[in-house]
*Asks:* 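Quick one: this structure, given as structure tokens, is what I'll be asking you about.
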Amino acid sequence: MTELHKLTLTEAARLLQSREISAVEMVGASLARLEATEPLIQACLTVAGEEALAEARALDQAGPDPARPLWGLPLTVKDVFLTKGLRTTAASRYLENYIPAYDARVVERLRRAGAVIIAKTNLDEFAMGNSTEFSAFGLTRNPWNPIKVPGGSSGGAAASVAAYQSPGGFGTDTGGSIRQPACLCGCAGIKPTYGRVSRYGIVAFASSLDQAGPLARRVRDCACLLAAVAGPDERDATSSLHPVENYGAAAARPLAGLKLGLPRELWSANLDPEVRSVLKAALHTLEGAGTKLVEFSFPSLKYTVAAYYVLASSEASTNLARYDGVRYGRRAGGSGGLAELYVSSRQSFLGPEVRRRIILGTFALSSGYYEAYFQKAARVRRLIRDDYARALAGCDFLLAPVSPLPAWDLGRFIDDPVTNYGLDLMTLSVNLAGLPALAFPAGLGPTGGLPVGLQLIARPFEEMALFSAGLALEEAFPPLL
Ligand code: GLN
């Protein structure tokens with residue numbers, strides 16, 4: 001038998017359901033792999049080994065159940081999903097000792113489907129960043145090359161899947177945080193339509209942009225994972241009533257005749273030669289397979305980075321106001337009264353990047369600047385959304401790069417926030433428009449040998465179509481893991 005930790009999620013699910021392997025064997029294999037790789041990769045903030053094995057034993061006793069499609073599968077969740085009784089930090093000192101009293105809806109649904117949570121994965125503090133270097137608890141390394149970043153903010157989730165610690169994991173994507181690390185680690189990942197997955201019990205960053213979704217080594221694995229958690233939730237008023245389709249049963253659709261729009265502003269950006277060469281070959285392959293590629297111009301996309309960083313930071317400054325050390329989060333010492341308590345708690349427990357966002361957001365929302373910054377950014381958001389709707393009306397999907405660079409050296413942009421924010425150009429606008437997008441590997445850079453990815457962007461709630469096309473793309477671009 002192949003090593004169990006190398007099985008894809010779909011393969012493992014089949015063997016578990018047919019009792020060819022037990023939940024304890026599968027969970028045990030993942031935990032053993034985690035233990036072997038974790039000293040180098042550092043993808044996890046908390047490992048729930050004992051709890052996971054106990055759950056697996058209970059599952060084995062009850063036996064598999066076709067109504068529980070994730071039965072016995074070891075999964076990770078990014079450390080922003082609340083897990084009952086299991087520490088949830090958002091990679092922030094503020095929540096270093098926080099033990100939630102309930103499960104996030106996503107976690108609850110995963111457990112109900114039979115999954116076993118083995119670990120909470122690392123991220124940039126409060127999901128603000130694109131390299132996982134802004135975690136308060138140390139960096140995560142890219143399994144393809146340990147001197148490189150895994151991407152972010154769901155860098156732990158992507159690195160964990162790429163290191164074969166688990167067959168799948170959940171992340172969140174506010175401006176690219178599922179797609180970009182998936183791409184830098186050679187995985188597939190989907191950012192669902194805004195409202196497709198409940199945000200209940202997820203530590204909030206920017207509520208109008210945040211969306212949870214899976215990362216895995218195969219497109220079908222992502223489809224099965226999304227199917228288990230998607231759908232309305234009375235605890236999240238922004239969750240959608242739109243019917244959930246049976247994503248796991250998606251069938252590959254032929255690439256011939258598919259019309260893909262290429263937003264020129266994303267393709268003509270400053271792409272690293274490694275990325276450019278892989279993507280050029282990818283377009284060639286697609287044309288060879290009979291897809292029709294049409295360029296679009298999207299003038300509003302030039303304002304993406306500015307608009308996103310104003311809006312996301314504004315929402316973050318409001319969401320993070322609850323961390324006052326009085327009603328919420330850890331409290332720093334100090335005897336000078338309430339104001340000093342606030343100041344010392346926030347200074348002691350929030351990292352530099354989070355503080356930068358709060359200051360930026362508070363400024364953009366303050367009287368006298370609100371119209372000039374927040375309101376203007378909100379108008380740009382509408383333009384971007386309308387431009388996307390127009391472009392998507394004329395083709396089946398849009399196709400775009402995910403990151404202008406392959407995984408970069410640890411430390412490279414840590415002191416250069418403006419350049420660093422610019423690296424998010426290709427992912428942010430999808431969140432501003434609330435659209436679903438599937439990221440998948442397109443190949444390895446010819447010189448550096450690092451993964452390069454692409455994203456397919458669809459109309460709202462067209463996840464099923466994304467998976468069908470994604471399955472065909474996976475045949476054209478063989479998986480890297
Ligand atoms: N890199 C972007 C940011 O720092 C997006 C992060 C995310 O999607 N959570 O805001």
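Worth knowing before you read on, the calculation uses all heavy atoms, side chains too, and leaves out hydrogens, waters and symmetry mates. Order of listing sets the numbers, starting from 1, for every ligand and every atom in it. Here, residue 1 is the first one in the sequence, and each next residue gets the next number.
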*Asks:* Say whether Met128, considering both its backbone and side-chain N or O atoms, lies within less than 3.5 Å of an N or O atom on ligand 1.
*Replies:*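 Checking ligand 1 against Met128, no N or O pair falls under 3.5 Å apart.
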*Asks:* Look only at interatomic distance and state if Gly129 has a nitrogen or oxygen under 3.5 Å from any nitrogen or oxygen of ligand 1.
*Replies:*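 Yes, at least one N or O pair falls under 3.5 Å.
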*Asks:* ring-ring contact (aromatic ring centres under 6.0 Å, His included), that's the test. Do Phe126 and Tyr94 meet it? Break it down for me.
*Replies:* CA-CA 10 Å; Phe126 288 109; Tyr94 236 124; 7.6 Å; no
*Asks:* Which residue supplies the protein heavy atom nearest to atom 4 (O) of ligand 1, what is that atom called, and how far is it?
*Replies:*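 Checking every protein heavy atom, the shortest distance to atom 4 (O) of ligand 1 gives Arg357 NH2, 2.7 Å.
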*Asks:* Taking 4.0 angstrom as the limit and counting only heavy atoms of Ala127, give me the atoms of ligand 1 inside it, by number and element.
*Replies:*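 Result: 6 (C), 7 (C), 9 (N).
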*Asks:* Would Ser153 count as a contact of ligand 1 if the rule is a heavy atom under 4.0 Å away?
*Replies:*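 Flag set, Ser153 near ligand 1.
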*Asks:* Can Ser345 and Arg330 be counted as having a side-chain donor-acceptor contact under 3.5 angstrom?
*Replies:*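 Looking only at side-chain atoms, Arg330 and Ser345 do not form any donor-acceptor pair under 3.5 Å.
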*Asks:* With a 4.0 Å cut-off, would you call Asp233 and Arg105 a salt bridge?
*Replies:*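 Salt bridge between Asp233 and Arg105, a charged N being under 4.0 Å from a carboxylate O: yes.
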*Asks:* Would you name the heavy atoms of Phe397 and Ala465 that are closest together and state the gap between them?
*Replies:*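 Result for this residue pair: CZ-O, 3.5 Å.
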*Asks:* Does the side chain of Val354 reach to within under 4.5 Å of the side chain of Phe349, using non-hydrogen atoms?
*Replies:*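 A side-chain contact is absent here, since even the closest heavy-atom pair is not under 4.5 Å.
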*Asks:* May I ask you to list the atoms of ligand 1 that are less than 4.0 angstrom from any heavy atom of Ser177?
*Replies:*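 Answer for ligand 1: 5 (C), 6 (C), 7 (C), 8 (O), 9 (N).
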*Asks:* Rounded to the nearest 0.5 Å, how far apart are CG of Leu350 and OG of Ser92?
*Replies:*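 Leu350 CG to Ser92 OG: 5.5 Å, rounded to 0.5 Å.
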*Asks:* Report the part of Tyr309 (side chain from C-beta onward, or backbone N, CA, C, O) that has a heavy atom under 4.0 Å from ligand 1; answer both or neither where that applies.
*Replies:*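 Only the side chain of Tyr309 comes within reach of ligand 1.
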*Asks:* Using a strict 4.0 Å cut-off to heavy atoms of Thr174, name the atoms of ligand 1 that fall inside it.
*Replies:*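 Here the atoms of ligand 1 in question are 7 (C), 8 (O), 9 (N).
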*Asks:* What residue and heavy atom of the protein are closest to atom 1 (N) of ligand 1, and at what distance?
*Replies:*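 Looking only at protein heavy atoms, the one closest to atom 1 (N) of ligand 1 is Asp424 OD2, 2.8 Å.
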*Asks:* Which heavy atom in Thr318 sits nearest to a heavy atom in Ser314, and how many Å separate them?
*Replies:*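 So the minimum-distance heavy-atom pair works out to OG1-O, 2.9 Å.
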*Asks:* Judged by non-hydrogen atoms, does Tyr308 sit under 4.0 Å from ligand 1?
*Replies:*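 Tyr308 counts as a contact of ligand 1 under the 4.0 Å cut-off.
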*Asks:* Is it true that Glu353 lies under 4.0 Å from ligand 1, counting heavy atoms only?
*Replies:*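 The answer is no, since Glu353 has no heavy atom less than 4.0 Å from ligand 1.
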*Asks:* Please examine the side chains of Cys224 and Tyr247, heavy atoms only from C-beta on, and report whether any two atoms are closer than 4.5 Å.
*Replies:*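 A side-chain contact under 4.5 Å is absent here.
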*Asks:* So do the side chains of Arg196 and Val244 get within less than 4.5 Å of each other, counting heavy atoms only?
*Replies:*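 Result yes, sub-4.5 Å side-chain heavy-atom pair found.
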*Asks:* Considering the heavy atoms of Gly176, write down every atom of ligand 1 situated less than 4.0 Å from one of them.
*Replies:*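 Answer, ordered by atom number: 8 (O).
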*Asks:* Quick check on contacts: which atoms of ligand 1 are under 4.0 angstrom from a heavy atom of Asn130?
*Replies:*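 Atoms satisfying the 4.0 Å criterion: 1 (N).
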*Asks:* List every atom of ligand 1 that sits less than 4.0 Å from any heavy atom of Phe205, numbering the atoms from 1 in the order shown and giving each element.
*Replies:*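 Here the atoms of ligand 1 in question are 9 (N), 10 (O).
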*Asks:* Specify side chain, backbone, both or neither for Lys191, according to which of its non-hydrogen atoms lie closer than 4.0 Å to ligand 1.
*Replies:*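 Neither; no heavy atom under 4.0 Å.
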*Asks:* Could you check whether Ser30 and Gln165, counting side-chain N and O atoms only, form a donor-acceptor pair closer than 3.5 Å?
*Replies:*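 Side chains of Gln165 and Ser30: no pair found under 3.5 Å.
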